[in-house]
Each structure stands twice: as structure tokens, then as C-alpha cells.
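Letters A, B, ... are given to chains in the order of the sequence lines, protein chains preceding strands, and every chain is numbered from 1. Every value quoted in this text rests on a predicted model; they were computed, and no experiment measured them.
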Amino acid sequence: MQTPEDHDAHEGTSDATPGGLPGERRPGEAVFAAILAVASIVLLWNAYGIAGFSALSSPGAIPMATTAVMAVTAVIVLVKTLRLPRTADETVSRDILPPVVIVMALMLVAYGILLRPLGFIPTSALFLVAAIKILSNRSWGFTLAVSLGSLVLIWLIFRIVFTVLMPAGIVPEAEFVQMLRDIVQGGSE
Amino acid sequence: MDAFMSFLTVFTQPELLLLVGLGTFAGVYVGAIPGLSVTMAVSILISFTFSWDVYPAISLMIGIYMGGVYGGSRTAILLNIPGAPSAIATAMDGYPMAKRGEAGEAIGTTTVMSFFGGFIGIIVLALAAPLVSDFALRFQPRDYMLLAVLGILLVGSLSTGSLVKGIFAGAFGIALGAVGMDPLTFTPRFTFDLQILRPGISFIAVMIGMFGVSEALLQLHHVNAPAIRQQINRIVPSWGTVRKHLPLSLQTSTIGVIIGALPGTGGDIAALMAYDHAKRVTKNPEREFGDGAIEGLVAPETANNAAVGGAFIPMMTLGIPGDAVTAIMIGALFIHGLNPGPMLMIDRPDMFWFITGALVMANVFMLIFGLTGIKLFTKIVEMPRAVLIPLIMLLSIVGAYAVNNSITDVYWMLGFGVFGYFMRLYGFPLGPVILGVILSRLLDDNWRRAIISEREDLSRFFHGIFTSPLSLVLFLAVVFIFVSQTPIGGWLKRAIFGRAKP
């Protein structure tokens, strides 16, 4: 059923059909499995440190049981992965971590860093304009119209309808909302 | 007669009717937008409706609840991102259908089946509330524990991939849920002496990261591929389709009501169990499960909406929430001076019948809004990926931030997004992680309660399991699922059924 040509087949877009190549090892898969195995063993050690084997009802009982399961299954996965032949037609930079994924992930981190000091609206505007420009490679007019238009819509829904408070940062948001309320209330009376 | 009048309250007061309708409409979109959860919307509504009367407040919440449980399926079908946890199973077959251009049929079937399931749930709520609460009363802590394990194993068995990876994912989820201060003894667990880990990791951040960001990152692989054009011609499914799946939908609705009525377990587990049930009982699906089988839509969607009615059963009769949303509603009733529990049914039967009536109305509105306005909705899918991906990322960030107003949650979400991205690439299922996180607390509490009541004696614990029919059934179910997924299970199956089947 799964063929290398069918791209979605090994991307794990659904839980019913998780990714991976059946019978082959993808680039980086062994490293990932090794990291999981080591991390699980560290967590098991940490879980042992919670309460040791003091009692079956101790706060460490379930953590120890689950991390033990994690360690065992992760080691099984690692051994199975190492036994598989490496796939020939995939590379890290094309199939696992294309540059665009790294760039977008870094932009998300930058968003997190800038959100507090700069505020929701300027950060989101920067993020959307940059991301849509990079990804779509369309004209600046298109990029600005689409990103700013959708930002206004998102802001209205979240800020006004759901009253989700995002960091205001450098934008005098509260004053603006109050102004908007005054207009709406003035109009309805 | 009084009961009937209370039942009709919502139909006779246009204001309440309007609020239920508004709530349902909003709920469909809240459920559909990834990162906006029904739980979140209802908890925000509590502060909104603080000064309202109790009827309008409950009307709005019930609408959001019913609409939101259904709305998650839309995004699951069209984008393969479950808008709500109860739609995790829906994505498995809904998205393959949408990819084939059958999104209209998928949405139509989902809507009608959700309506059907919702009604079954309400009927059971109205008729059998006392009976079911009697049954739920008999559940021992060990039964809750077994049920949690069963739920997690089921997700692993849902997967076509490796069960070992599924079990790893489930155990990882339970461990994640245990991070922070242990609520019973206040012992730090997995905190590595870091202040930031003490309150634990927000489950919503994990969920949005795993399902929102990791999907968006994966979609970047083919950002230039043309968007899927959805030809949504016929939304109302044919009577034949509905009738053909009526027996299955009755079964899965029953599963939904029962799971919904169990304290703590809501539409998400009901949907997954119903999906698994459908997978087992459907002998000759037109398409394989996971490849767009319509049974794979019918089962979870009837079950998760049936679970809504079910979730009200323990809430109204025992004061124990059937799921997270009813937990918040209990809070809302408290604010309005009502004390949900056995006495509420005796003192204020009108409240119970009013809620039943509002649920019926919300269910009808859900059908109406579900079968209309899809053109508007599918515009989201026809957006080019270059626009859609940044928007999903932005919504994910807002969703993760808004729950606790915490930038830390945003970083958790990003971290789990990247981790989930690699898990997907290397064949680990993500569903068990989320289920593990949700059930971690339940599993832990009930294990400790069970083993303490058996005086820390494992042999007494197992003696308890083997002498209680209910525990035994649950225990055998866990063993069965585990064994049936291993080579021994395959061998046993062949040994037992080998000659019966050609």
C-alpha cells in the first residue's frame, strides 16, 4: 500500500497511518531512536529518585512504571531501527529537515522572544508578512494585503469576541478597544 | 407535567432559543479552529455570563458544547488537524476522503451522524439517568485505572504502525502528565529542580504543539503543491447511506453514552473506542480504515456527540463531571447558587429538564449549521498553503498563550511541535501521547487509591480484580488488546479462526 512515490504515506499525517518507511531506515531515524532511548533511561533514573521502591502507592510508582515502559520500548525501537537497511533515496536536507522548515521554526522562536516586548499586533504583522512573503514568493502588495487583512480579522475575533488578552507591547491597545467600544455604544443608543 | 413544562422552557422563550442557536454557531467554529477549545470557550464564558441569570448562561454554554464537539470534525476532515481532541479519530478517515475530493460527503455524513448520536445521548440522559448513575457508582478505583490503560492501548491498536512505538508514545504521555508537583503528597516529579517545571506542563500546549505546529511544519515540505480543491457538491447524504450505517451508529452511540457517562472520560475516548469498535465489526468496508472508510467517520462522530448527553448523567445525578466541559459547567452552576449532586435532581428537577430541552435544541441547530455555510468554511482549505501555514502557526501561538497568559506555554508548544514533527517523520503515533497526558492524573490517583485500599498488597489487588465481574471484564479487555496486537495474537487468531475463514 505504501510506496516511496506516495509522499504522504510516510509523513505521518494521520495517527492511523504514522510516518516512517516500512522496512527501511530514514536519515536521522537511528539518531532519534537513540536520543529517545537515552532520554527514557535518564527519566527512569529520575523517576526512581522520586520515592525509590518505598511503597506501591508512592508518588513515584506510576512515573517509574511508565518510564520503565518507555525505556524498554525505546530500546526495542532502537534495536529494530538499527537492523533496518538505510534508505538510499532520501537525504536529511531534502526529506527530513529542508531549509524552509528550519527557517520557519526559527521564526516561531523569534515570535516567542518578541511577543512580550513588542506586543501581539506588531509581532504578528512582522511574522505574517515575512512568512507569507518567503513561502508564497508573491508580490509585496499581495503579501501585505493578505497578512494584514487576516491579522485584523484574527485580532477582532480574539480580542473583541473572546477577550483573549495578548501582550499589548508598544501598541496602545486598551485605549483603542475603549475607543471602539465608545463608538459602538454611541451608535447603538 | 411540570417536567414537561420545564423541558419546553427553551422552546417558549425566544431569548433562550436565540442564545442556544448563537452558542451552537459559535461552537461549530470554536471547535473547528485548532487551538480554540470548547473547554477554553466555556471557561471564558463563565466570567462573561457571571451576572446573567442561570438559564441564559447555561443555554449559551450548552450550545457551544454541542456545536464544538461536532465542529472539531470539520478541520479534521479538511485539514487533518483535529480541531478538538474528540475529532482525533475522525481525521483518520475523514482526511483521506477529503483528499479524494469527497469532502462534501464526509462533512454531510458527519453532520447527520453527529445529530443522530447527539439525540441518542439526550434520550438516554432523559430516560436512564438514574440507572446509569447506579452503574457508575459501582466503579472502583481499579476500574478507572484499567479504563485509562485500556484507552491508551486502544490508540496504539488504532494505528497501522508499530504497536511498540504506540506504547512508547502512550507511556511518554503519562510521564508528561506527571511532571510537576504531585497533587497528593506535594513531591516534585520530573522537575529536575527547575522552577519552570513545578506547575507541570500545560496539556493544551502539548496538544496544540503536537497537532498544530508539527502539522504546519510538515506541510512546509510541499508548500508549493497546489491546494486541494474541494468539490463540495452534495452535502446532505442520501437516505441510503444513512440507513446502511444505522445499525453501526446505534452501537457506537451506545458506546458514546456509556463512555460519556463514566466520570472523566468524554467524547475523545468515546470516539476512539467507537472507531476501534467499527474497525472490528465492519467486515467488508468499501475502503480500508485509514484510507477513507465511511464507517470510520460514522463511528467516532456518533459516539462523541452521544457522549455529550452521557456526560451530563453523572454531572446531574452525582455532581461528578462527565468530562472537562461539564466540570466547568458544575462551576457555573455553583456560581449561580445551585449545588449539583443527588439533591439537585430532587430539589430542582426543572433544572434537569431545562438542560435536556436545551440540548435537544442545540442538537437541532447543529444539524442546521452543519448542513449550511460549508461553502464559507471550505474557503479555508482553498487558501494557498503559503498563507494557510503561517496562519495555523499564528493561531497555535495565540491558543497556547491564551490559556494561561504564559509565554512559557508558547515555548512548550513550539518544543512539542518540533518533537511531534520528528515523531511523525519516524512513525510514532501522536494520539497516545495526548491521551496519556489527559489520563495521567486519573490513572495515578486511582492506582494509588486502589492499592492503598488493598493495603499495598498486589495479590489482594488482583484478587479484587478477579472477583469483580466489572474489573475482570476491563482487565481481560486490556489483556486482549495487548495480545491481539502481538505475534502471539496473530497466531492465536489463526489457530482459532483459521479454519472458519478461507
Asker: Looking at every non-hydrogen atom in both residues, tell me the closest pair between B:Ala386 and A:Ile132 and how far apart they are.
Answerer: O-CG1, 3.7 Å
Asker: Could you walk me through whether B:Val387 and A:Leu128 satisfy the side-chain contact (heavy atoms from CB on, under 4.5 Å) test, starting with their C-alpha distance in whole Å, then the side-chain angles of each, then the deciding distance to 0.1 Å, before giving a yes or no?
Answerer: CA-CA 8 Å; B:Val387 176; A:Leu128 284 180; over 6 Å; no
Asker: Please look at A:Ala61 and chain B and tell me whether the side chain, the backbone, both or neither of the residue comes under 4.5 angstrom of a heavy atom of that chain.
Answerer: side chain
Asker: Answer whether the closest heavy-atom distance between the side chains of B:Phe168 and A:Val77 falls below 4.5 Å.
Answerer: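 Heavy-atom side-chain distance check fails, nothing below 4.5 Å.
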Asker: Find the one option among A:Gly60, A:Ala105, A:Pro98, A:Ala131 whose heavy-atom pairs under 4.5 Å with chain B are most numerous.
Answerer: A:Pro98
Asker: Rounded to the nearest 0.5 Å, what separation is found between the CG atom of B:Leu425 and the CG atom of A:Leu97?
Answerer: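 The CG atom of B:Leu425 sits 8.0 Å away from the CG atom of A:Leu97.
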Asker: Sort B:Leu217 into side chain, backbone, both or neither according to what part of it lies under 4.5 angstrom from a heavy atom of chain A.
Answerer: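 The answer is both parts of B:Leu217.
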Asker: To the closest 0.5 Å, what do you measure between OG1 (A:Thr66) and CZ (B:Phe190)?
Answerer: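 So the OG1 of A:Thr66 and the CZ of B:Phe190 are separated by 5.5 Å.
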Asker: Just so I know, are the side chains of A:Val72 and B:Ile167 near enough to count as touching, which here means a heavy-atom distance under 4.5 Å?
Answerer: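 Of all side-chain heavy-atom pairs linking B:Ile167 with A:Val72, none is under 4.5 Å.
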Asker: Find the distance between CD (B:Glu454) and OG (A:Ser57) and round it off to the nearest 0.5 Å.
Answerer: 12.5 Å
Asker: Could you work out, with side chain to side chain contact (heavy atoms under 4.5 Å, CB included) as the rule, every residue matching A:Pro167, not counting sequence neighbours?
Answerer: A:Leu115, A:Arg116, B:Tyr401
Asker: Please check if the side chain of B:Arg189 supplies one atom and the backbone of A:Ile50 the other of a donor-acceptor pair under 3.5 Å.
Answerer: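 Answer holds: no.
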Asker: Check A:Pro59 against B:Asp182 and note the closest heavy-atom contact, atom names and distance.
Answerer: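 Where A:Pro59 meets B:Asp182 most closely, the heavy atoms are CB-OD2, 3.3 Å.
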Asker: Using non-hydrogen atoms and a 4.5 Å limit, figure out which bit of B:Leu414 sits close to chain A: side chain, backbone, both or neither.
Answerer: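 For B:Leu414, the side chain is the part near chain A, not the backbone.
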Asker: With a 6.0 Å cut-off (strictly less than), is the heavy-atom count around CZ of A:Phe142, excluding the residue itself, greater than 12?
Answerer: yes
Asker: Please state whether the rings of B:Phe419 and A:Phe32 are parallel, tilted or perpendicular, taking 30° and 60° as the class boundaries.
Answerer: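 Ring orientation of B:Phe419 relative to A:Phe32: tilted.
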Asker: Need one label for A:Thr143: side chain, backbone, both or neither, based on atoms under 4.5 Å from any heavy atom in chain B.
Answerer: neither
Asker: Could you check whether atom CZ of B:Arg460 has more than 12 heavy atoms from other residues, nucleotides or ligands sitting under 6.0 Å from it?
Answerer: yes
Asker: Among B:Thr185, B:Val418, B:Ile397, which residue forms the greatest number of heavy-atom pairs with chain A at distances under 4.5 Å?
Answerer: B:Ile397
Asker: Do A:Leu36 and B:Phe172 come close enough that some side-chain heavy atom pair is under 4.5 Å?
Answerer: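 Side-chain contact under 4.5 Å: no.
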Asker: If I take atom CG from residue A:Leu56 and atom CD1 from residue B:Ile452, how far apart are they, to the nearest 0.5 angstrom?
Answerer: 10.0 Å
Asker: Side chain, backbone, both or neither: which part of A:Pro99 has a non-hydrogen atom closer than 4.5 Å to chain B?
Answerer: neither
Asker: Would A:Phe127 and B:Met393 count as a side-chain contact (heavy atoms from CB on, under 4.5 Å) if you check the C-alpha gap in whole Å, the side-chain angles of each, and the deciding distance to 0.1 Å?
Answerer: CA-CA 10 Å; A:Phe127 173 77; B:Met393 287 174 168; 4.0 Å; yes
Asker: Could you measure the distance from the CG atom of B:Leu394 to the CH2 atom of A:Trp155? Nearest 0.5 Å is fine.
Answerer: 14.0 Å
Asker: With a 4.5 angstrom heavy-atom cut-off, could you sort out which part of A:Ile113 is near chain B: side chain, backbone, both or neither?
Answerer: both
Asker: Under 4.5 Å heavy-atom distance to chain B, tell me which part of A:Lys133 shows up: side chain, backbone, both or neither.
Answerer: neither
Asker: Name the region of B:Asp444, side chain, backbone, both or neither, that has any atom closer than 4.5 Å to a heavy atom of chain A.
Answerer: both
Asker: Which atoms of A:Ile134 come close to chain B, meaning under 4.5 Å heavy atom to heavy atom: side chain ones, backbone ones, both, or neither?
Answerer: neither
Asker: Hey, which of A:Ile96, A:Val69, A:Thr67 has the most heavy atom pairs under 4.5 Å with chain B?
Answerer: A:Ile96
Asker: Checking heavy atoms, do the side chain of A:Leu43, its backbone, both or neither come under 4.5 Å from chain B?
Answerer: both
Asker: How long is the straight-line distance from CZ of A:Arg25 back to OH of B:Tyr426, given to the nearest 0.5 Å?
Answerer: 10.5 Å
Asker: By a 4.5 Å heavy-atom criterion (distance strictly below it), what part of B:Val179 contacts chain A: side chain, backbone, both, or neither?
Answerer: neither
Asker: Locate the shortest heavy-atom distance separating A:Met70 from B:Ala175; write the atom from each residue and the value.
Answerer: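 Answer, listing the atom of A:Met70 first, then B:Ala175: SD-CB, 4.0 Å.
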Asker: Only pairs of heavy atoms separated by less than 4.5 Å count here; which of A:Ile154, A:Ile62, A:Asn137 has the most with chain B?
Answerer: A:Ile62
Asker: Holding to ring pair (Phe, Tyr, Trp, His ring centres under 6.0 Å), I want the full list of residues that pass it with B:Phe461, two or more places apart in sequence or in another chain.
Answerer: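 In terms of ring pair (Phe, Tyr, Trp, His ring centres under 6.0 Å), with neighbours along the sequence ignored, B:Phe461 is linked to B:Trp447.
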Asker: Is chain B contacted by the side chain of A:Leu108, its backbone, both, or neither, given a heavy-atom distance below 4.5 Å?
Answerer: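 For A:Leu108, the contact with chain B is made by backbone and side chain together.
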Asker: Given that the side chain runs from C-beta out, which part of A:Val146 has a heavy atom under 4.5 Å from chain B: side chain, backbone, both or neither?
Answerer: side chain
Asker: Answer whether the closest heavy-atom distance between the side chains of B:Val410 and A:Tyr111 falls below 4.5 Å.
Answerer: no
